[in-house]
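Here the structure is laid out as structure tokens; the discussion comes afterwards.
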Amino acid sequence: MNLDKLKEALMALHLKNFAEILDETLLKAEREKLSPADILYLLASQEIAARQQRLVKTRILQAGFPTIKTIDAFDFSFPKAINKTQILNLLDLTFVNQKNNVILMGPPGTGKTHLALALGHQACLQGVKTLFTTAINLINHLSASLADNSFLKTIKLFTSPRLLIIDELGYLPVDKQGAELLFQVISNRYECGSIVVTTNRAFRDWGTLLNNDNTLASAMIDRLVHHGVLVQIKGESYRIK
Ligand code: ADP
Ligand code: MG
């Protein structure tokens, strides 16, 4: 049997890993007297594992995380108040499968972005298409797209991932157009995909934040909270620890 021909055929079928480990697997098979079915299973399962690894890598790159943060590095004893069980439950990603939302609320430096990144990382490990953005970046991106007629394409960037993380809602005021654009994203994703929002502002301040439009703020909160979990963190900033 000409192995080169087999490898060519495997490459044509995009079974790269399968082709790469063929030689060593055949040697192992001879040594351990594996049956043909065993050999095929070994090759196929390693191909699957390699694909899964490649997918996770791609998901993490696509997500655009500013840094990688994980839950292991989060010290639950630092915040004055935090519901550890609630957060650990979120990490099983049922909320993503159910297209639910998570609102991480608390003062600056209490680990909201850290937790949002940890949820995003966990989602990528499970192969979930994820996108991380800040509220301002999302608004700027969509505003610019209105100017060059690429709005429909651009809004898809924010509506197509199964998980969208919108960080830092509340640090900068949002003008009328910005508030409407943000609302469009949240409303398009409603019951279609999950959102994780981090904010330093209580819901009662969202009207002020969103160009003094209390009606729009209520509608936005309604959509986020209807199928959503509110995670409240209280305490001092970890940055000045
Ligand atoms: P926030 O988004 O609430 O302003 P961050 O998540 O950006 O806060 O946290 C600021 C820094 O402190 C980050 O480097 C983060 O990893 C770290 N940090 C915050 N809270 C904790 C914590 N409880 N345990 C470990 N690191 C934390
Ligand atoms: Mg933050």
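Remember, it's 1-based here, ligands and their atoms both numbered in the order they're listed. Every heavy atom of this structure was used, including side-chain atoms; hydrogens, water molecules and symmetry mates were not.
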Next item on the list: Considering only non-hydrogen protein atoms, determine which one is nearest to atom 13 (C) of ligand 1 and report residue, atom name and distance to 0.1 Å.
Entry: K69 NZ, 3.9 Å
Note to self: Taking backbone and side chain together, does T113 place any N/O/S atom at a distance below 2.8 Å from the Mg ion (ligand 2)?
What the structure shows: yes
Note to self: For atom 11 (C) of ligand 1, what's the nearest protein heavy-atom neighbour? Residue, atom name and distance, please.
What the structure shows: R239 CG, 4.1 Å
Next item on the list: Give yes or no for whether the N/O distance cutoff of 3.5 Å, strictly under, is met between F74 and ligand 1.
Entry: no
Check: Is A73 near ligand 1, meaning one of its heavy atoms is under 4.0 Å from it?
Finding: yes
Next item on the list: Inspect the contact between E24 and K28 and indicate whether a charged nitrogen and a carboxylate oxygen are less than 4.0 angstrom apart.
Entry: no
Checklist line | NE2/H227: more than 12 non-hydrogen atoms of other groups inside 6.0 Å | finding: yes
Next item on the list: Return a yes/no value for G111: is any of its N or O atoms, backbone included, closer than 3.5 angstrom to an N or O of ligand 1?
Entry: yes
Note to self: Could you identify the single nearest non-hydrogen protein atom to atom 19 (C) of ligand 1 and state the distance to 0.1 Å?
What the structure shows: Y238 CB, 3.2 Å
Checklist line | Sole residue of F74, F78, F76 in ring-ring contact (aromatic ring centres under 6.0 Å, His included) with Y238 | finding: F78
Next item on the list: Starting from atom 4 (O) of ligand 1, find the nearest protein heavy-atom neighbour and note its residue, name and distance.
Entry: G109 N, 2.7 Å
Margin query: For atom 15 (C) of ligand 1, what is the closest protein heavy atom, and at what distance to 0.1 Å?
Written below: H114 ND1, 3.5 Å
Notebook entry, point to check: Which protein heavy atom lies closest to atom 24 (N) of ligand 1, and at what distance to 0.1 Å?
Noted result: D75 N, 2.8 Å
Check: Measuring from the heavy atoms of T110, does anything fall under 4.0 Å of ligand 1?
Finding: yes
Note to self: Using a 4.0 Å cut-off to any heavy atom of P108, which atoms of ligand 1 qualify?
What the structure shows: 4 (O)
